[in-house]
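Along the sequence shown, residues carry numbers from 1.
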Amino acid sequence: MAVAIDLVGFGVVFPILPIYARRFHASPATATGLVAAFAAASFVFSPIWGRVSDRIGRKPLLILSLAGTCIGSLLTGVAGGIALLYVGRVVDGISGASVSVAQAAVSDVAAPSERARLFGLLGAAFGLGFVVGPALGALAALAGPSVPFYAAAALAGVNALVAIRRLPETHHPSPGGDMVDRPRRGLSALSGAGLVGPLIGVAFGALLAFSAFEATFALFGSRRLHLTISSTAGVFAVIGLVIVAVQGGLVHAVVSRIGELATLRGGLALDAAGLLVLAFSRSWFGAVPALLALTVGQGLVQTTMSSVLAGRANPARRGEVLGAQQSAGGLARVIGPIVGGVLFQRVGVGAPYVVGAAVMASVLILVLVQSAGAAHEPSPVTPGTAAPAP
């Protein structure tokens with residue numbers, strides 16, 4: 001629920017960006033910069049919140065996140081100029097960086113066999129928030145451009161009060177924990193054994209390619225498929241719902257059958273194939289299977305990536321590692337749309353998807369190489385446990 005409410009606050013701004021652009025005489029670049037401001041704040045603060053949650057627990061950070069979403073939404077609603085709008089979106093982005101904390105909380109209580117299923121449910125909550133946010137923004141804006149933000153603030157405020165009473169603490173660090181040697185080990189959790197460092201790179205590359213698709217598909221649909229604004233919005237809604245369905249149900253069945261790493265590889269392969277076919281599609285005959293492959297693949301990748309990382313991270317630093325993944329994703333969401341737009345404008349309509357397919361194929365190869373190498377390494381020993389017998 002915390003994640004869903006945070007994403008409602010993020011998505012509510014999309015349908016009313018043109019209204020705010022006209023209201024404050026802002027250029028399109030300035031208006032769309034409100035989205036980038038949210039992503040940039042999340043990029044900076046995700047690893048910080050993850051590290052803090054490792055030290056003091058998950059519950060205080062999740063409550064702080066909901067309170068921040070409430071304050072950020074209120075600031076956006078009362079803004080009388082573009083500057084305060086940016087302040088509101090930055091505050092909301094700082095609080096929205098708590099997704100990694102929620103993931104760490106889930107991994108604290110999840111048995112290894114259940115981790116992918118529970119991460120899938122968390123991803124479904126993420127997707128539902130993203131679907132509900134724009135819908136709430138479009139409906140509430142009928143009563144005024146500020147109303148959606150007041151509605152998002154009310155939801156977040158009520159949820160914060162409920163969380164104070166009902167949200168359990170899942171992480172109880174020992175006094176001092178492993179903070180004594182943290183400076184010396186500052187990068188070891190991200191670049192050491194267990195595929196953690198390479199997987200964060202894979203997360204960045206996969207989301208870079210997918211966010212370039214998200215940012216350019218409306219233009220692609222208008223040129224190649226003759227889509228209108230409403231039909232493009234409908235396509236995005238279906239994509240979001242399919243990803244929710246995959247994360248909420250399909251991913252658990254697939255992981256149970258073939259395992260997390262194989263599911264991750266399969267998702268990346270579907271993403272690459274979907275982008276490549278879409279690049280050359282000129283009708284719905286090719287676009288529908290391409291979009292289906294891309295959507296299913298992304299649903300599998302998003303869930304299993306976080307689940308694999310959580311399973312390989314040191315439990316005492318799980319929040320930090322998942323925060324680093326979210327930070328990499330935030331950076332990808334800033335860079336991907338820019339790269340996709342440049343490729344679309346200067347190279348060709350299908351160029352963002354050809355390049356995206358190449359990026360997906362590259363990170364797939366990285367996963368194959370790294371997982372093959374890890375298979376020949378000795379199993380890591382968790383502190384306090386005996387080493388496995390030969």
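When all heavy atoms of Ala160 and Ala67 are compared, the closest pair comes out as CB-N, 4.3 Å. The minimum heavy-atom distance between Thr216 and Gly341, with the atom names listed, is CG2-N, 3.9 Å. In plain terms, the two heavy atoms of Ala357 and Ala272 that are nearest each other are CB-O, 3.5 Å. Ala332 and Leu208 get closest at one heavy-atom pair: CB-N, 3.6 Å. Between Gly77 and Ser146, the closest heavy-atom pair is O-OG, 2.8 Å. Scanning all heavy atoms of the two residues, the minimum distance from Ala287 to Ser281 falls at N-OG, 3.6 Å.
Checking side-chain atoms of Arg51 against main-chain N and O of Val321 turns up no donor-acceptor pair under 3.5 Å. No donor-acceptor distance shorter than 3.5 angstrom exists from the side chain of Thr295 to the backbone of Val242, with no hydrogens or angles considered.
The distance from atom CD1 of Ile56 to atom CD of Glu169, rounded to the nearest 0.5 Å, is 8.5 Å. Between atom CG of residue Leu207 and atom CD of residue Glu214 there is a gap of 7.5 Å, rounded to the nearest 0.5 Å. Going from atom CZ of Arg265 over to atom CD1 of Ile365 covers 13.0 Å, rounded to the nearest 0.5 Å. Taken to the nearest 0.5 Å, the CD atom of Gln298 stands 5.0 Å off from the CG atom of Asp271. Atom CH2 of Trp49 and atom CG of Leu62 lie 11.5 Å apart (nearest 0.5 Å). Between Ile71 atom CD1 and Leu66 atom CG the span is 11.5 Å, to the nearest 0.5 Å.
Contact check for Val354 versus Phe280: side-chain heavy atoms found under the 4.5 Å cut-off. In this structure the side chain of Pro168 never reaches within 4.5 angstrom of the side chain of Lys59, judged on heavy atoms. Using a 4.5 Å heavy-atom threshold, the side chains of Ile164 and Ile63 count as touching. Between Phe344 and Arg223, the closest side-chain pair of non-hydrogen atoms falls below 4.5 Å. Residues Ile94 and Val90 form a side-chain contact, since some pair of their non-hydrogen atoms from C-beta on lies under 4.5 Å apart. Taking the side chain as every heavy atom from C-beta outward, Tyr86 and Ile82 approach each other to under 4.5 Å. Counting only heavy atoms from C-beta outward, the side chains of Val251 and Gln302 never approach each other to under 4.5 Å. Looking at heavy atoms from C-beta onward, Val78 lies in side-chain contact with Tyr150 at the 4.5 angstrom threshold.
Under the side chain to side chain contact (heavy atoms under 4.5 Å, CB included) test applied with Val202, the options Val308, Leu309, Leu366, Val301 reduce to a single match, Leu366. Just one residue in the list Leu75, Leu74, Thr76 forms a side chain to side chain contact (heavy atoms under 4.5 Å, CB included) with Phe149, and that residue is Thr76.
Evaluation of the salt bridge (charged side-chain N to carboxylate O under 4.0 Å, His left out) test over residues 236-260, restricted to residues two or more places apart or in two chains, returns Arg115-Glu260.
By the side chain to side chain contact (heavy atoms under 4.5 Å, CB included) test, Ala156 pairs with Ile5, Thr69, Cys70, sequence neighbours left out. Here Val109 pairs with Thr170 under the side chain to side chain contact (heavy atoms under 4.5 Å, CB included) rule; sequence neighbours left out.
The hydrophobic clustering, which links ILVMFWY residues whose side-chain heavy atoms are closer than 4.5 Å, places Leu292 and Val254 together. In the hydrophobic cluster analysis, where Ile, Leu, Val, Met, Phe, Trp and Tyr join through side-chain heavy atoms closer than 4.5 angstrom, Val349 is grouped together with Phe210. Under the 4.5 Å side-chain contact rule for hydrophobic residues, Leu199 and Leu364 share a cluster. Using a 4.5 Å cut-off between side-chain heavy atoms of Ile, Leu, Val, Met, Phe, Trp and Tyr, with links allowed through other members, Ile243 and Val235 fall into the same hydrophobic cluster. When hydrophobic clusters are built by joining Ile, Leu, Val, Met, Phe, Trp and Tyr residues whose side-chain heavy atoms come closer than 4.5 Å, directly or via intermediates, Val277 is not grouped with Leu294.
Note on Asp92 versus Arg89: salt bridge recorded, some NZ/NE/NH1/NH2 to OD/OE distance being below 4.0 Å.
The six-membered or imidazole ring of Phe213 lies away from that of Phe220, with a centre-to-centre distance of 6.0 Å or more.
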